Asks: 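Structure below; questions to follow.
None of the values given here were measured: they were computed from a predicted structure.
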Amino acid sequence: MLPGILPFLLSCFILFSTENLVAVALTSPQDISALKAFKASVKPSSIPPWSCLASWDFTTDPCASPRRTHFTCGITCSPDSTRITQLTLDPAGYSGQLTPLISQLASLTILDLADNSFYGPIPSSISSLINLQTLTLRSNSLSGAVPNSITNLKSLQSLDFSHNYLSGYLPKTMDSMSSLRRLDLSYNKLTGPLLKLPYNLLELALKANSLSGSLSKSSFDRLTQLEVVELSENSFTGTLQPWFFLLPALQQVDLSNNSLARVEISKPSNANSDLVAVDLGFNKIEGNPPLQFADFPLLSSLSLRYNRLRGTIPLEYGRKKSLRRLFLDGNFLIGKPPPAFFASDKSVSGSLGDNCLQACPGSFQLCMPSQKPSSVCKQAYGGEPREKSSNAAVLLWYGVAVSAVSCRWSGGHLECGGSFALASDILWLNSCPNSKHEIPTADSIWCSSEKSSPSTKRL
């Protein structure tokens, strides 16, 4: 019997020893201490029984395998099971202040606490996590400033603090974050100007803050890989200068809901541009619709809605085959829309409504909503007709000319022929203007004074 008993006892010893080996501590005591502190900072009432944090039972080693009942989710360990490399919580509604002791997780590459209810300041000690590549605190209730020390994270590739209550200025030395590819601080309460940005950025999202000032070229210096710019719902002012749309990798731009006054655009060299979508709606942009947008070969979506644009819609917009979405509604555009918009082989969605356009077919969705009342358009283009002065030169102007026109003195006032945008509108000018710029949106017009009749002067 003894020979049969020995193998049985030996197998039991091996099984017992194996089970004990599983229980041997593997995870660094420093990491265990940090995890304990993190869980202790979370309000127990905000930890649902089915959640990741509810499974964190420190009677078991966090990195011991298999994790069937304890530490079932929320952490990832290094291959040798000694360090915590990822802390990625489920969106369970956890609430509490982030503990500074989280900085003891020195091997973290990913920290993701998104879609919870953490509040209070972001611990400055988080900047000690020098191996971090992804830092996501999106959709919490964090407040206070973005720590300046965050710029010490030289390995960070993605930073997302969006949808919180962060305030104050952007960190001064963000441009030193040389590995950063994606930055999202949208939907906070950040103020001040846009500072110099990290030069390796692919995506920039700072929408729905209170950032102000003009967009300077120095902020975007060396950003040769920037593809996406989301800066809508801020308070940016001034002129958007030609260099902006010539950023070499730019694809999508959203600067809507700001206070930009002008847009200057240059034609891309060799028609080489990846720009696909531009939204400049709900600003204070004056002047004519920028003709040069038609020179961007891939542009498929353009919004300039609810600005202060005047003049006619460039015919080039209608000829642009790549353009699929166009929003020009809510301006003071005149004339007839490019006929190509209504061709059977053209499919353009959007709106040209709420302008001063003539002959925009109401049967087309593109012409909805209806145009502004003529009284509003008259006021925008100089107000009601004024009586002519008997000894002053007078221009009888039936709207803004679509193309160059010639005029002759006849019957006591100047008559201009050609194609006009608002045939019913009469605008009296007390004297011939010195240049065409004194006539709103006029591209070319002739003017003559009574004394010099019948000679004419081209503006």
Asks: Using the six-membered ring wherever Trp is involved, compare the ring planes of Tyr94 and Phe118 and label them parallel, tilted or perpendicular (cut-offs 30° and 60°).
Replies: tilted
Asks: Name the orientation class of the two ring planes belonging to Phe58 and Phe71 (parallel below 30°, tilted from 30 to 60°, perpendicular beyond 60°).
Replies: perpendicular
Asks: Would you mind reporting whether Leu137 and Leu142 have side-chain heavy atoms less than 4.5 Å apart?
Replies: yes
Asks: Rounded to the nearest 0.5 Å, what separation is found between the CG atom of Leu231 and the CG atom of Leu240?
Replies: 10.0 Å
Asks: Does Asp80, at its CG atom, have more than 12 non-hydrogen atoms belonging to other residues, nucleotides or ligands within less than 6.0 Å?
Replies: yes
Asks: Can any side-chain N or O of Asn257 pair as donor or acceptor with the backbone N or O of Ser232 at less than 3.5 Å?
Replies: no
Asks: Please assess Ser46 against Ser95 for the test side-chain hydrogen bond (donor to acceptor under 3.5 Å, both in side chains), listing each intermediate value before the final yes or no.
Replies: CA-CA 6 Å; Ser46 70; Ser95 177; 5.2 Å; no
Asks: Mind checking whether Ser212 and Phe236 have side chains closer than 4.5 Å, heavy atoms only?
Replies: no
Asks: Only one of Pro198, Pro171, Ser127 passes side-chain contact (heavy atoms from CB on, under 4.5 Å) with Thr151; say which it is.
Replies: Pro171
Asks: Verify, without hydrogens or angle tests, whether Asp279 (side chain) and Ser256 (backbone) share a donor-acceptor contact under 3.5 angstrom.
Replies: no
Asks: For residues Asn152 and Ile130, determine if any side-chain heavy atom of one lies less than 4.5 Å from a side-chain heavy atom of the other.
Replies: no
Asks: Please tell me if the side chains of Val42 and Leu53 come closer than 4.5 Å, counting only heavy atoms from C-beta onward.
Replies: yes
Asks: Among Asp184, Thr136, Leu135, whose side-chain contact (heavy atoms from CB on, under 4.5 Å) with Leu159 holds?
Replies: Leu135
Asks: Just checking, any donor-acceptor pair under 3.5 angstrom between side chains of Tyr306 and Asp354?
Replies: yes
Asks: Checking the side chain of Ser351 only, and the main-chain atoms of Met368 only, is there a donor and an acceptor separated by less than 3.5 Å?
Replies: yes
Asks: Look only at the side chain of Trp56 and the backbone of Lys36, and say whether a donor-acceptor pair between them is shorter than 3.5 Å.
Replies: no
Asks: Under 3.5 Å, is there a donor-acceptor pair between the side chain of Asn209 and the main chain of Thr191?
Replies: no
Asks: Just by distance, do the side chain of Asn234 and the backbone of Asn258 share a donor-acceptor pair under 3.5 Å?
Replies: no
Asks: Flag the pair Phe244 / Phe220 as yes when their ring centroid distance falls below 6.0 Å, and as no otherwise.
Replies: yes
Asks: Any chance you could measure Ile102, atom CD1, to Leu129, atom CG, to the nearest 0.5 Å?
Replies: 7.0 Å
Asks: Heavy-atom count check: over 12 atoms from other residues, nucleotides or ligands less than 6.0 Å from Lys196 NZ?
Replies: yes
Asks: Examine the side chains of Asp31 and Gln104 and answer whether a donor and an acceptor come within less than 3.5 Å of each other.
Replies: no
Asks: Would you check, one step at a time, whether the test side-chain hydrogen bond (donor to acceptor under 3.5 Å, both in side chains) holds for Asp90 with Ser51?
Replies: CA-CA 7 Å; Asp90 49 336; Ser51 65; 4.9 Å; no
Asks: Just to verify, which of Leu26, Leu35, Asp57 counts as forming a side-chain contact (heavy atoms from CB on, under 4.5 Å) with Pro62?
Replies: Leu35
Asks: Does Asn140 offer a backbone N or O that forms a donor-acceptor pair with the side chain of Asn116 under 3.5 Å?
Replies: no
Asks: So, the side chain of Ser125 versus the backbone of Pro100: is there a donor-acceptor pair under 3.5 Å, distance only?
Replies: yes
Asks: Give the ring-plane orientation class for Phe296 versus Phe245, where under 30° counts as parallel, over 60° as perpendicular and anything between as tilted.
Replies: perpendicular
Asks: Between OG1 of Thr99 and CZ of Phe38, what distance do you get to the nearest 0.5 Å?
Replies: 9.0 Å
Asks: Answer yes or no: does atom NZ of Lys154 have more than 12 heavy-atom neighbours from other residues, nucleotides or ligands under 6.0 Å?
Replies: yes
Asks: Are any side-chain N or O atoms of Asn283 and backbone N or O atoms of Ser259, one a donor and one an acceptor, separated by less than 3.5 Å?
Replies: yes
Asks: Side chains of Arg325 and Ser301 only: does a donor on one sit below 3.5 Å from an acceptor on the other?
Replies: yes
Asks: Do Ser322 and Leu298 come close enough that some side-chain heavy atom pair is under 4.5 Å?
Replies: no
Asks: Do the side chains of Met177 and Leu156 get nearer than 4.5 Å, heavy atoms only?
Replies: yes
Asks: Rounded to the nearest 0.5 Å, how far does NZ of Lys284 lie from CG of Leu260?
Replies: 10.5 Å
Asks: Do any N or O atoms from the side chain of Ser162 and from the backbone of Arg138 form a donor-acceptor pair under 3.5 angstrom?
Replies: no
Asks: Out of the candidates Ile75, Leu105, Thr134, Thr109, only one should pair with Gln86 under the side-chain contact (heavy atoms from CB on, under 4.5 Å) rule; please name it.
Replies: Thr109
Asks: Is Glu264 atom CD crowded by more than 12 heavy atoms from other residues, nucleotides or ligands, each under 6.0 Å away?
Replies: yes
